[in-house]
Amino acid sequence: MFKEDRGRMLESYVTPLLMTYVNKYIKNLKPSDLQLSLWGGDVVLSKLELKLDVLEQELKLPFTFLSGHIHELRIHVPWTKLGSEAVVVTINTMECILKLKDGVQDDHESGSSSTSRSASESSKTLSKPRRLQQAAPSDPDLPPGYVQSLIRRVINNVNIVVNNLILKYVEDDIVLSVNITCAESYTVHEFWDRAFMDITAPDLVLRKVINFSDCTVCLDKRNASGKIQFYQDPLLYKCSFRTRLHFTYQNINSKIPAVIKIQTMVESLKLSITDQQLPMFIRIMELVLSLYYGEIGGGGKDGEGEEGSGDREVITTPGLEGDPEAQAMAGQYPSPEMYMQGEEGDQGWVSWAWSFVPAIVGAEDEEGEEGFYPQGEEGGRSSPQQNPPKDPVVSIGFYCTKASVTFKLTEMQVESSYYSPQKMKSREGLCLEQEGITMEVLMMGEPFFDCQIGIVGVRALCLKGIMGVRDFEENLNRREEDAVFFSCGESLSSKGMTYLTNSLFDYRSPENNGVRAEFILDATNHKETYTEISGMQRFGAFYMDYLYTVETSSTKVCVGQQDFTMAVGPKEEPVPPVQETSVKRLVVGPLDLRLNSSAVHRLLKMLACAMDHEYQPYCQPQPDPVEEPRPPATQEEVSVLEEFIPTRLTCLTLQKVTVTLSMAEFNLLHTLMPVIMGQKSSPARLRVSVPVFQAVRPLPALRIQVDSVNVEHSVPMFAPELISTVSSLSQPSDNLLHHCYTHCYLKVFGFQAGLTCLDSTGSFLPLSPLIPSFSTALYGKLLQMPRCWTKRSSVLITECIFELPHFAVQATRPQILLLQAMLQSWTHSLGDGSYPGVNEALLSHVYTAPGVKSPSPPPPPPPTLEASVQNVELKFCSRATVNCAGGTVGAVKVCARTPGSPEGVKEKLVPLLQGPSDTKELHQSRWLNELRKPESLLAPDLLTFSVQIPRRGDDGHNSSGRFPHLYSYNI
C-alpha cells in the first residue's frame with residue numbers, strides 16, 4: 001500500500017510534466033487522457049490532430065501548415081523503475097504538410113479565431129515545465145531533494161522515438177517530401193552507448209544521441225490538378241545519419257548549459273538530380289537563401305530600417321544588423337536572460353528548439369526562486385538586470401565522409417502496348433564526388449560568431465552518354481581517368497581523418513577524453529590560429545572561414561534584439577562604442593579542370609535545364625533609398641567614425657590552377673546555346689542523329705596555368721547610415737571617403753599558357769609555351785549610393801587601375817593554324833556533331849613526342865613571332881560630369897626570331913617594332929640583328945596618353961561647357 005501511494009504521488013509530479021509538452025501541440029486532449037495509472041500500463045492515443053496555429057507561432061517561419069496529424073502516440077512510464085529506466089515516448093506515423101505563406105494566409109493568421117487564441121494562451125501557460133512540480137501536492141515521505149533529483153533524471157533520460165515521419169512542402173508545381181523511417185533520441189554514457197545517466201559533479205556533462213534511419217527525400221512536379229503524373233527518382237534514398245549532443249554545465253545549479261555541442265555525422269550521402277528536378281531544386285535553394293538573409297518572412301530584417309535616422313547610433317550599436325549572414329545564424333538566437341525569465345519573446349524556431357535543451361533543476365526551486373538567480377553579497381537575491389547571465393558557447397557541426405551528386409537525364413520509355421502506362425527512364429550523365437566534408441559553427445551570443453567549411457577532395461566525372469553521344473558507355477572500356485574532368489585536393493586515404501579533428505566523432509577530442517574543451521572566442525587569436533595555411537593542411541580542396549565579432553569597450557554585453565532596439569531609441573545613458581568586424585576567407589587548393597567535349601556538353605546541358613522554368617523570383621531588387629535632408633553630423637559623431645568604421649571583407653585565394661581546353665571531339669552546341677540564351681527549346685532541335693563516338697588521339701589542347709589568384713572585396717557594413725553622415729559633411733576626410741566605396745583587388749601571379757597534346761596513353765605532352773609566365777594586378781572601387789553625392793561633382797563614382805609589369809606572346813605559324821582549328825571546332829558544327837579532324841603534319845610541326853627520333857636531316861624550325869609590352873599602367877575614373885582615362889606604356893617590342901641549330905646555324909632576330917630604342921647606330925647593318933634595350937631604367941615611357949569626355953547629366957544637359965573633350969598623348 002505504501003509503495004502504491006508513493007507511486008501515485010510520483011504520478012502527480014510526472015503527469016503535469018508530460019501534459020506540458022503533449023497538450024501544447026495536440027488538439028482536444030483532456031488531462032484525464034493522460035492520467036497514467038501505476039498498474040495501467042502504456043498510454044496509447046490514436047488519430048491525434050496537431051495545433052497548427054501553435055506550431056506556426058512557435059516556429060516563426062513564413063510557412064503555414066495545411067495539415068498535421070499523428071496516427072498513434074504511445075507513452076511508457078516505468079513507475080516502479082523511474083530512477084533506472086527511461087520514459088519512452090513513441091510516435092507512429094506523423095505527417096505534416098506546409099506551404100509558403102501568402103497575403104491571404106497572413107491576414108488569416110493575424111485574425112485567427114477565438115479558439116486559436118485560447119489554444120495559444122493555454123500553450124503559454126504550459127510553457128514552463130521546470131516550474132510545474134511546484135504546483136504538485138507536498139508529501140512528507142518525498143523530500144524536496146528527492147523529488148527534484150528524480151524529476152531531473154526523468155527529464156534527462158526521456159527517450160523519443162518517431163516511426164515514419166513524413167514532411168511535405170508544396171509550392172506552385174513543386175512537391176518536396178521528406179520521409180524518415182525512424183528517428184530516435186536517447187541518453188548515452190561517455191562511450192556514446194545507450195545508458196541511464198544523471199548530471200553529477202565533477203563532470204556536469206549530459207550526452208545524447210539522435211539516430212535517423214532511412215531518410216528519403218523526393219522532389220516531384222505536379223500538374224494543374226495537383227496530381228503527380230510521373231514520379232522522379234528520389235533526391236536522397238535511405239540515408240542514415242547520427243547526431244551527438246554534448247551539454248556541459250558550469251555548476252549543479254546552472255539553468256542552462258555553459259557549452260552546447262551538436263554535431264551530425266553521415267558516412268555516405270548520395271544525391272540524385274534529374275533534368276526536371278534541377279529547376280525545382282534551385283528554386284528550393286533560392287527559398288532557403290531568401291529565408292537565410294531575411295528577404296522574405298521578415299526573419300532577418302527585424303529591427304532594421306526605422307531606427308536608421310540616427311547614424312551614429314546605428315553604426316556603433318551592438319547587434320548583428322550589419323551583417324546578414326551573422327544575423328541570420330545568430331541574430332535570432334534567444335537570450336539566456338529571456339529564457340531564464342520565461343518570457344514568451346518573439347524569438348522564432350531557434351527559441352522553440354532551445355526549449356528542449358535539458359536544464360539542471362536545482363533543489364532550491366522547491367522553495368521558490370532562490371536558486372534562480374545568484375545570491376548577492378548580503379544574502380539577498382540579485383535581479384537578472386544586475387547580473388545578466390553569460391551567453392553559452394554553442395558549437396554546431398556537420399561531417400560527411402563521402403558525398404556524391406549525380407545528374408541524370410530523363411526520357412519517356414516507349415512501351416510495346418498502346419494501352420500500357422508511360423514510364424520515365426533516367427540516364428546518368430555527370431557525377432560530382434566529395435570526400436571529407438566539414439561544416440562547423442561556433443558562436444557565443446552576439447559578440448562572436450564563426451563558421452568554417454572545408455572539403456578534403458573533390459572530383460567530377462562523366463557518366464554514360466549525353467545528347468545521344470555514348471562517350472562513356474561500359475562497352476567502350478575507357479579508363480576512369482579519362483572520365484574525370486575536374487579534380488581538387490587530396491583523397492581521404494592520403495589525408496587521413498583530419499576533417500573530424502576535435503569533433504565529437506574524433507576519439508582524440510577533449511570531450512571523448514574527459515576534458516573540458518577550450519574555445520577561441522576573440523578575433524585576434526582566431527586569426528592567428530585558423531590561418532589559410534592551417535585550413536589547407538586540415539582539408540586540401542576548399543576551406544572557408546567566416547568570422548563576425550562585436551567588441552565593445554564597456555563591460556556590459558548586450559544580447560538580443562531588445563537591447564538593440566533600446567540602444568537606438570531614446571536613451572539616457574550614452575551607448576559605448578562598438579566595433580563590428582566581418583571577415584570571410586576562402587581558399588581553393590590545387591585544381592585541375594579539363595574542358596573537353598564530354599565535360600562542356602554536360603555542363604551546358606545542366607545550365608540549359610536549370611534555366612528551363614518560369615518561376616518568379618522571391619524578391620525583387622530594391623532601388624537605393626532616397627535620403628531626406630538632415631542636419632550635418634556633430635563633431636562627436638565624426639570622431640567616432642574616424643576611430644572605427646565597420647566593414648565587410650571577403651578574401652578569395654586560388655592556388656595552382658590548371659585549365660585545359662581540348663579540341664572538340666564532337667560539337668552539338670548549336671542545340672544548347674539557343675536555350676541558354678533564352679529561346680524556347682523544341683524537341684525537333686534536340687533530336688540530332690550523331691555518329692558512333694570514337695575517342696580521338698592525339699588530341700591537341702590549350703593549357704593555362706596560374707600559380708596563385710588573390711581577390712579582396714570590401715564594402716561598408718552600414719552603407720546607408722555611413723554615407724548619409726559623410727555626404728552631409730562640408731570637407732570629409734580621406735579616411736571617411738575611402739570607406740564610402742566598394743573596393744575590389746585582383747592579383748594574378750605566374751599566369752602562363754601553351755599548347756599540349758593528349759596522347760594515346762592518356763598523358764599530356766610537355767607544354768609548348770605561347771604566353772610566358774607573367775603577373776598582373778587590377779584595382780577598382782565603386783561609390784555606394786551615388787544619389788547622395790549629386791551636389792558633389794568632384795567625388796569619384798568609379799575608379800579602375802590596371803598594372804602589367806611585363807607581358808609577352810610568342811607563336812609559330814603551325815601553332816597559330818592549330819589554334820585556329822581548335823577554335824573552329826567549337827564555333828563551327830558539322831550538323832551531326834562529328835569530329836572535324838586536324839592535319840597530322842600540322843601536329844608533327846607543333847608537338848614532338850618524347851622518345852621519338854626526328855627524321856634525318858631534321859626540318860628547319862619554323863620562325864617564331866614574338867610581341868611584348870612592359871610597364872603598362874592604365875587608369876579610368878568617372879565623376880558625375882566627366883569620364884577620364886589615362887595610362888602609360890613603358891616599352892613595346894615585336895620581332896621575328898629564327899632559332900639556331902646544333903649544326904652551327906645562329907639564331908636570327910628581325911625586329912619589326914621596338915620602342916623606346918637608341919637609334920644612334922641605325923645606319924649600321926648590325927642594328928637590325930641585335931637586341932636593344934633602353935638606355936636605363938629611368939628612360940622615358942614609350943607612350944603616355946590621357947582622355948577626357950564629358951558626361952550627360954540626369955537632366956539631359958551635357959557638361960561639355962565646363963569640361964570639354966580632351967585628348968592628349970606623348971610618344
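Just so you know, these numbers come straight off a predicted model, no measurement behind them.
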For residues 188-197, dump all side-chain donor-acceptor pairs below 3.5 Å to protein atoms at least two apart in sequence or in another chain.
residue, atom, partner, partner atom, Å
H189, ND1, F191, N, 2.9
W192, NE1, N512, OD1, 2.8
R194, NH1, E184, OE2, 3.1
R194, NH2, E184, OE2, 2.9

Between [atom1] of [X] and [atom2] of [Y], what distance do you get to the nearest 0.5 Å?
{"X": "E511", "Y": "R516", "atom1": "CD", "atom2": "CZ", "result": "10.5 Å"}
{"X": "Y169", "Y": "L287", "atom1": "OH", "atom2": "CG", "result": "4.5 Å"}
{"X": "T187", "Y": "L206", "atom1": "OG1", "atom2": "CG", "result": "5.5 Å"}

Short question: side chain of [X], backbone of [Y] - any donor-acceptor pair under 3.5 Å?
{"X": "N513", "Y": "Y507", "value": "yes"}
{"X": "T264", "Y": "T243", "value": "no"}
{"X": "K261", "Y": "G397", "value": "no"}
{"X": "T438", "Y": "G454", "value": "no"}

| remark: side chain to side chain contact (heavy atoms under 4.5 Å, CB included) with T401: of L492, V266, L269, only one passes, and it is L492

Which atom names give the shortest non-hydrogen contact between [X] and [Y], and what distance separates them?
{"X": "K208", "Y": "N156", "result": "NZ-O, 2.9 Å"}
{"X": "L504", "Y": "Q263", "result": "N-OE1, 2.7 Å"}
{"X": "Y499", "Y": "R538", "result": "O-NH2, 3.0 Å"}
{"X": "I70", "Y": "L73", "result": "CG2-N, 4.3 Å"}
{"X": "N163", "Y": "C182", "result": "OD1-SG, 3.5 Å"}
{"X": "P257", "Y": "I260", "result": "CB-CG1, 3.7 Å"}

| Mind checking whether I180 and V162 have side chains closer than 4.5 Å, heavy atoms only? | no

| query | For K270 and Y237, what are the C-alpha separation, side-chain angles and deciding distance, and is it a side chain to side chain contact (heavy atoms under 4.5 Å, CB included)? | reply | CA-CA 8 Å; K270 297 182 179 180; Y237 183 68; over 6 Å; no

| request: May I ask you to check whether over 12 heavy atoms, not counting those of F519, lie within 6.0 Å of atom CZ? | output: yes

| task | Output all residues satisfying salt bridge (Lys or Arg N to Asp or Glu O under 4.0 Å) with R508, sequence neighbours left out; order by chain, then residue number. | result | D506

| message | With side chain to side chain contact (heavy atoms under 4.5 Å, CB included) as the criterion, how do R242 and F505 come out once you've worked through the C-alpha distance, each side chain's angles and the decisive distance to 0.1 Å? | response | CA-CA 10 Å; R242 60 187 187 274; F505 301 94; 3.6 Å; yes

| Should E58 and K24 count as an ion pair when the cut-off is N to O under 4.0 Å? | yes

| Given the rule in the side-chain hydrogen bond (donor to acceptor under 3.5 Å, both in side chains) test, do S395 and E440 qualify, once you have shown the distances and angles that lead to the verdict? | CA-CA 7 Å; S395 175; E440 295 176 336; over 6 Å; no

| L167: partners by side chain to side chain contact (heavy atoms under 4.5 Å, CB included), with sequence neighbours left out | C96, L165, V178

| Aromatic ring pairing F448/H526, orientation class (parallel under 30°, perpendicular over 60°, tilted between) | perpendicular

